[in-house]
There are 2 protein chains.
Amino acid sequence: MDREWNDSQPIYRQLRDRVVAMILDGVLKEGDSLPSVRNVAAEYRVNPLTVLKGYQELVDEGLVETRRGLGMFINAGARSMLLQGERQKFLGEEWPRIHATIQRLGLTAEELLKGATSRSSADATPSKSTEPNPSKEKG
Amino acid sequence: MDREWNDSQPIYRQLRDRVVAMILDGVLKEGDSLPSVRNVAAEYRVNPLTVLKGYQELVDEGLVETRRGLGMFINAGARSMLLQGERQKFLGEEWPRIHATIQRLGLTAEELLKGATSRSSADATPSKSTEPNPSKEKG
DNA sequence: TATACTGCTATAGTTAACTATAACACTATG
DNA sequence: CATAGTGTTATAGTTAACTATAGCAGTATA
């Protein structure tokens, strides 16, 4: 877990996404309590209200439940709901755009599957040519 | 070109990305003029200032040039600059996150990169199991 | 000169995201 | 009761994104 934020999306949403990731990864199990609003706020140096907002999204999605005075707990079935819902969202809304980008950049499956997970540098030296998609030739 | 916007990113940036896509796709060639600020603003029902802001990003990136009274024109070398820069950005910043998501959802990057293009419905029926990453077993 | 295109600036207002600070309400422990 | 942990609400301020509206400045044509 890095302590930094992406400028391309609001913090509260990134926060929500991290919890989702932790549930999917099994780091947080059903019945577990989420780290407290104040703790998270302190750890990430973020306003408690921002954390709360992220957590509330999870409540609204039915993934998490609040017990007053105790904390927030992951509901039973949260993970399978997530697996289904997030898959659908990803395949339907995100992947098409991503795939289009990949093709536009002339990147190959090989290229992407090579270093993939742990890599965060990037050589930008694809195996093909410099002319990726000479298909459309508008007049 | 659809006339709609994504809530996950500011309009001016999406606008910039569309022009970039058109350059990469060869729809807009070097030397060509961009559609005018006012035209785009009218067509997409968006404020001219928002369009201008998107265009200015392109100018700042050195992809586009302004000729007062005439319009904005795509610079020579814009496409190869883009191919290099966007590849690097994608491989270094976006793909690692995307790949992590794919794995979390129990999907395989291979499969997505193979078929995928024209699909936008989403079945949520991956070839593996329903338990994607049972690696971590926190106490 | 006038007309009609360009990019661009100026002014001003709305909304969403985020912030700081404080206090309230509930639960468990002592 | 007090204490210390939860989530939650209230108040108020900053910033970025977007909007509406108007006008300036340059270019080309007539």
Side-chain angles (χ1 to χ4, degrees), chain A residues 2-20 22-23 28-75 78, chain B residues 2-20 22-23 28-75 78:
Chain A
D2 26 357
R3 251 135 267 248
E4 276 157 19
W5 305 107
N6 202 334
D7 63 333
S8 74
Q9 212 162 310
I11 294 177
Y12 77 91
R13 188 163 290 278
Q14 293 179 55
L15 220 32
R16 177 262 178 203
D17 288 343
R18 291 197 188 185
V19 175
V20 164
M22 288 194 286
I23 295 174
L28 287 175
K29 304 224 177 71
E30 310 183 351
D32 283 359
S33 64
L34 296 184
S36 87
V37 168
R38 283 176 179 81
N39 277 349
V40 174
E43 174 155 9
Y44 292 93
R45 271 110 171 253
V46 150
N47 194 287
L49 291 184
T50 305
V51 180
L52 184 63
K53 188 166 181 181
Y55 277 15
Q56 283 295 1
E57 297 247 305
L58 296 165
V59 173
D60 295 345
E61 290 177 80
L63 297 166
V64 155
E65 188 186 45
T66 287
R67 294 189 212 146
R68 300 208 76 179
L70 293 178
M72 307 190 66
F73 298 81
I74 299 177
N75 280 334
Chain B
D2 25 356
R3 249 135 268 247
E4 276 157 21
W5 305 105
N6 202 335
D7 62 335
S8 74
Q9 213 162 317
I11 294 177
Y12 77 92
R13 187 163 292 277
Q14 294 180 54
L15 219 32
R16 176 262 178 204
D17 288 343
R18 290 198 187 184
V19 175
V20 164
M22 288 195 285
I23 295 174
L28 286 175
K29 304 222 176 72
E30 309 184 352
D32 282 0
S33 64
L34 296 184
S36 88
V37 169
R38 283 175 177 82
N39 277 351
V40 173
E43 174 156 8
Y44 291 94
R45 271 110 172 252
V46 150
N47 194 288
L49 292 185
T50 304
V51 179
L52 184 62
K53 189 167 181 180
Y55 277 14
Q56 283 296 0
E57 297 247 306
L58 296 165
V59 174
D60 295 344
E61 290 178 80
L63 297 166
V64 154
E65 187 186 46
T66 287
R67 294 190 212 145
R68 301 207 76 176
L70 292 177
M72 306 189 66
F73 298 81
I74 299 176
N75 279 334

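Values below: every heavy atom of this structure, side chains too, minus hydrogens, waters and symmetry copies. The chains referred to below are lettered A, B, ... by the order of the sequence lines, with proteins before strands, and numbering in each begins at 1. As the structure is a computational prediction, the values presented were derived from the model and not from experiment.
In terms of phosphate contacts, A/Thr50 brings no side-chain nitrogen or oxygen within less than 4.0 Å of OP1 or OP2 of C/dA17. At D/dG7, none of the side-chain N or O atoms of A/Gln56 fall inside 4.0 Å of OP1 or OP2 (strictly under the cut-off). Of the side-chain N and O atoms in A/Thr66, none sit less than 4.0 angstrom from OP1 or OP2 of D/dG7. Side-chain nitrogen and oxygen atoms of B/Tyr55 include none within less than 4.0 Å of the OP1 or OP2 phosphate oxygen of C/dG7. Taking only side-chain nitrogens and oxygens, B/Lys53 never comes nearer than 4.0 Å to OP1 or OP2 of D/dC18. Phosphate proximity of C/dA17 to A/Gln9: absent, as no side-chain N or O sits under 4.0 Å from OP1 or OP2.
In this entry the distance linking CZ of B/Arg68 with C1' of C/dC5 reads 15 Å, nearest Å. Between B/Leu49 atom CG and D/dC18 atom P there is a gap of 11 Å when expressed in whole angstrom units. When rounded to the nearest whole Å, the span between CG of B/Leu52 and P of D/dA25 equals 17 Å. Regarding B/Leu70, its CG atom lies at a distance of 10 Å from the P atom of D/dT29, rounded to whole Å. The CD atom of B/Gln14 sits 13 Å away from the P atom of D/dA17 (whole-angstrom rounding). Across the protein-nucleic acid pair, B/Asn39 atom CG and C/dA4 atom P stand 15 Å apart, rounded to whole Å. When the P atom of C/dC18 is taken as reference, atom OH of A/Tyr44 falls 15 Å away, rounded to whole Å. Atom-to-atom, CG of B/Leu34 to P of C/dT6 comes out at 12 Å; the value is rounded to the nearest Å.
Picking from D/dT19, D/dG7, D/dC18 the nucleotide with the shortest atom distance to the side chain of B/Pro10 gives D/dC18. Minimum atom distance to the side chain of A/Asn47 is reached by C/dT19, of the listed D/dT9, D/dT19, C/dT19.
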Evaluate A/Tyr55 against A/Val40 for side-chain contact (heavy atoms from CB on, under 4.5 Å), listing each step before the verdict.
CA-CA 11 Å; A/Tyr55 277 15; A/Val40 174; 3.5 Å; yes
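The shortest distance between side-chain heavy atoms of A/Asn47 and A/Tyr12 does not fall below 4.5 Å. Looking at A/Leu58 and A/Met72, their side chains never come closer than 4.5 Å, going by heavy atoms from C-beta outward. Using a 4.5 Å heavy-atom cutoff, the side chains of B/Leu63 and B/Asn75 are not in contact. Between B/Tyr44 and B/Val51 the shortest side-chain heavy-atom distance does not fall below 4.5 Å.
Residue-to-nucleotide proximity on DNA chain C shows that, of B/Val59 and A/Pro48, the 5′-proximal contact is made by B/Val59.
The base of D/dT6 sits with one of its N or O atoms less than 3.5 Å from a complementary donor or acceptor on the side chain of A/Arg38.
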